[in-house]
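Heads up, the thing below is written out as structure tokens.
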Amino acid sequence: MKRSRPSPLDERPAQGYHGPVQWRHLVEWLRDDGLITPAEADKTIARCAQAESAQPALVRLAAVGMQRAADGRPMDVEDLTRFVAQRAGLDYLRIDPLRVDVGKVSDTMSASYAERHKVLPVQVTAAEVVVATSEPFIDDWIAEVERQSRRQVRRVVANPAEIKRYTAEFFALAQSVRAAIKSGGAAGTTSFEQLVELGKSGRPLDANDQGVIQVVDWLWQYAFDQRASDIHLEPRRDQGVIRFRIDGVLHPVYQVPPGVMNAITARVKVLGRMDVVERRRPQDGRIKTRNPGGDEIEMRLSTLPTAFGEKLVMRIFDPDTAVKDLSALGFTPHDAGRWEKLVQRPHGIILVTGPTGSGKTTTLYSTLRRVATEEVNVSTIEDPIERIDPALNQTQVQPQLDFSFAEGVRALMRQDPDIIMIGEIRDLETAEMAVQAALTGHLVFSTLHTNDAPSALTRLMELGVPAYLLNATILGVLAQRLVRTLCPRCKQPDDGASTELLAEAVKPWKINSGHWRPYRPVGCIDCRMTGFRGRMGIYELLAVTGAFKALVTPGTGPSALRKQAVADGMRPLRLAGAMRAAEGLTTLQEVIAATPPLE
């Protein structure tokens, strides 16, 4: 949550004023302080007088679009809220729900009391309770809250729309959890031995209990609103922990009793058509739902037995993944053109490499979705199917039925495919089937877990694929990583950035200092004070040439292959990332942490 302390010059509370903020008074204060011109004040009063509304004064004036005297920019609700905070001599607060302990703040006062006085507790410590209000000139509720909570009240001023929204969400969540606990949620698995003996963990809470249903629904909508990529439900001895992964970083969200955590997990498993009784073995599932905007969201589920219960991870797939173009993925024009030429080839093998969580799936699905026209048969064999796409024919391997990647590719070969995507090449048999498919006139996409692009060739040779077959089939290898991007709203030029660090990071390469325009993270409410918002890919693309093929032999190491690939136009990962940092899209520290050093 972002607090901005008013400057001494702005600490001028409205003299003698007490009561709700009136829109006429607010317009006069803005005019008196020179933030709007007298003509703009008169125009605003005329507009508001004509359009009577029951909305709060701040929301009503923001809808009018008063123009600032300094730059002509319309004043929004946050601008007006910040101004009212300065007038009242209080801190301004933009509420960040991920930083609010819902359990604690909901115990401070009742939902009806908060709604009646238009206030919302946002932080509780041993000494004080911080309460957000949009009416800083009304304070007759403070004494009662201090008496009930036995803490000192510190007021902050926040957007009235946010206060109304989060009051409903926070207290509804807390009420659902309390209802779940009363229904038997205090019982739960508390030891490893209880995992082995099913049914001996006490009276479990019903997964269809209304309180549990509400908690799960809130959890999903909350995750979609916060741009989470994963939801983690983690059982602990005393409390279950709920965490969201946002931009690659985990954030704690809420803690619930173990029994409630078990019930939430059971509810999700029911919706994902998983075996609710089986808690001793890992399971996979899938759920489709909708976000607040009405877009269909797909989530992949994975459970894992731990010492204190089942750990459940829900991976949320971006509905826009299938339509992202190469620039949105992070491709530079240099690599985008080379990648387009590769995927237009009629047959051969194209590999995407990188560690888990480096964005390989997004790149592959975006590429396949764009080449999957009505004239082309695109078939995949995956473990598991990452994301259901209506334009693709997707098959999942079933190891328990002896249906492996190799067997799946063998079956696909009889399905008249044009393009085949193999989820991962893990063994020689799968690699041989991929080579066979490419030799018989199919374009094959697959992934490998290697640190860089040239290492993919040596890995396949180590698996046992002959070099001459690799030379006949491999078209190119794309290695990639994900780095956090700087928040465009709050990033600032980094005049003190070390050019020595840049030189050391890209050594033996050099980046012209004239192109070095670094930015640094600052932090605002849009990025949760991290300075970063979203992630982008950085890539190194190895396109196989005649000179490169001559080096693909069992005796050639990755270093020699890398040198030839660079000579053929490949930009190493570290260099590609440094160039993105030079453009001000990310930081050099992010790039160094995500990429292997240059040789």
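Note that the structure is a prediction, hence the values are computed from the model and not measured.
Pairs engaging residues 528-571 under the ring pair (Phe, Tyr, Trp, His ring centres under 6.0 Å) rule: Phe331-Tyr539 [sequence neighbours left out].
Judged as a side-chain contact (heavy atoms from CB on, under 4.5 Å), and not counting sequence neighbours, the contacts of Asp225 are Arg165. By the side chain to side chain donor-acceptor pair (under 3.5 Å) test, Arg315 pairs with Asp230, sequence neighbours left out. When the side-chain contact (heavy atoms from CB on, under 4.5 Å) test is applied to Asp284, the partners found at least two apart in sequence or on another chain are Ser302. By the side chain to side chain donor-acceptor pair (under 3.5 Å) test, His251 pairs with no residue at all, sequence neighbours left out. With sequence neighbours left out, the ring pair (Phe, Tyr, Trp, His ring centres under 6.0 Å) criterion links Phe445 to no other residue. Glu462 meets the side-chain contact (heavy atoms from CB on, under 4.5 Å) test with Arg459; sequence neighbours excluded. Residues forming a side chain to side chain donor-acceptor pair (under 3.5 Å) with Thr458 (at least two apart in sequence, or on another chain): none. Among residues two or more places apart in sequence or in another chain, the side chain to side chain donor-acceptor pair (under 3.5 Å) test is passed with Thr303 by none.
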Under 3.5 Å, which donor-acceptor pairs link side chains of residues 403-413 to any protein atom two or more places apart or in another chain?
unit_1: Ser404; atom_1: OG; unit_2: Glu407; atom_2: N; d: 3.4
unit_1: Glu407; atom_1: OE1; unit_2: Arg410; atom_2: NH1; d: 2.9

Name every donor-acceptor pair, under 3.5 Å, that has one atom in a side chain of residues 564-579 and the other anywhere in the protein, sequence neighbours excluded.
unit_1: Gln564; atom_1: NE2; unit_2: Asp568; atom_2: OD1; d: 3.0
unit_1: Gln564; atom_1: NE2; unit_2: Asp568; atom_2: OD2; d: 3.4
unit_1: Asp568; atom_1: OD2; unit_2: Thr545; atom_2: OG1; d: 2.7
unit_1: Arg574; atom_1: NE; unit_2: Thr595; atom_2: OG1; d: 2.6
unit_1: Arg574; atom_1: NH1; unit_2: Ala505; atom_2: O; d: 3.4
unit_1: Arg574; atom_1: NH2; unit_2: Thr595; atom_2: O; d: 2.8

Using atom types as modelled, flag every donor-acceptor pair under 3.5 Å from a side chain in residues 470-491 to any protein atom, sequence neighbours excluded.
unit_1: Asn471; atom_1: ND2; unit_2: Ala467; atom_2: O; d: 3.4
unit_1: Asn471; atom_1: ND2; unit_2: Lys549; atom_2: O; d: 3.3
unit_1: Thr473; atom_1: OG1; unit_2: Leu469; atom_2: O; d: 2.7
unit_1: Gln480; atom_1: OE1; unit_2: Thr363; atom_2: OG1; d: 2.8
unit_1: Gln480; atom_1: NE2; unit_2: Ser358; atom_2: O; d: 2.9
unit_1: Gln480; atom_1: NE2; unit_2: Gly359; atom_2: O; d: 2.9
unit_1: Gln480; atom_1: NE2; unit_2: Thr363; atom_2: OG1; d: 3.3
unit_1: Arg481; atom_1: NE; unit_2: Ala594; atom_2: O; d: 3.2
unit_1: Arg481; atom_1: NH2; unit_2: Asn451; atom_2: O; d: 2.7
unit_1: Arg484; atom_1: NE; unit_2: Glu590; atom_2: OE2; d: 3.1
unit_1: Arg484; atom_1: NH2; unit_2: Glu590; atom_2: OE2; d: 2.8
unit_1: Thr485; atom_1: OG1; unit_2: Arg533; atom_2: O; d: 2.7
unit_1: Thr485; atom_1: OG1; unit_2: Gly534; atom_2: O; d: 3.1
unit_1: Arg489; atom_1: NH1; unit_2: Asp526; atom_2: OD2; d: 3.1
unit_1: Lys491; atom_1: NZ; unit_2: Gly584; atom_2: O; d: 2.9

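Around OH of Tyr222, the count of heavy atoms belonging to other residues, nucleotides or ligands within 6.0 Å exceeds 12. The 12-atom threshold is not exceeded at CD of Glu374, counting heavy atoms of other residues, nucleotides or ligands nearer than 6.0 Å.
Contact check on Glu234 versus Arg236 returns a salt bridge, with a Lys/Arg side-chain nitrogen under 4.0 Å from an Asp/Glu carboxylate oxygen. A salt bridge does not link Glu583 with Arg517: every distance from a Lys NZ or Arg NE/NH1/NH2 to an Asp or Glu carboxylate oxygen is 4.0 Å or more. Ion pair Glu310/Arg281 not flagged as a salt bridge, since none of the NZ, NE, NH1 or NH2 atoms sits closer than 4.0 Å to an Asp/Glu carboxylate oxygen.
Between the side chain of His442 and the main chain of Ala437, a donor-acceptor pair closer than 3.5 Å is present. In terms of modelled atom types and a separation under 3.5 Å, the side chain of Arg245 and the main chain of Gly248 share a donor-acceptor contact.
Side chains of Glu278 and Gln283: a donor-acceptor N/O pair is absent below 3.5 angstrom, by distance only. Counting only N and O atoms by type, the side chains of Asn377 and Asn393 include a donor and acceptor under 3.5 Å apart. Checked by atom type, the side-chain pair Ser455/Asp452 shows a donor-acceptor distance below 3.5 Å.
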Review point. Leu219 and Leu233: side chain to side chain contact (heavy atoms under 4.5 Å, CB included), yes or no, with the steps?
Key: CA-CA 11 Å; Leu219 188 65; Leu233 305 183; 3.9 Å; yes
Practice item. Starting from the C-alpha separation in whole Å, work towards a yes-or-no answer on side chain to side chain contact (heavy atoms under 4.5 Å, CB included) for Thr440 and Gln436. Key: CA-CA 6 Å; Thr440 53; Gln436 186 64 31; 3.7 Å; yes
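Atoms OG1 and CE, on Thr395 and Met421 in that order, are 10.5 Å from each other to the nearest 0.5 Å.
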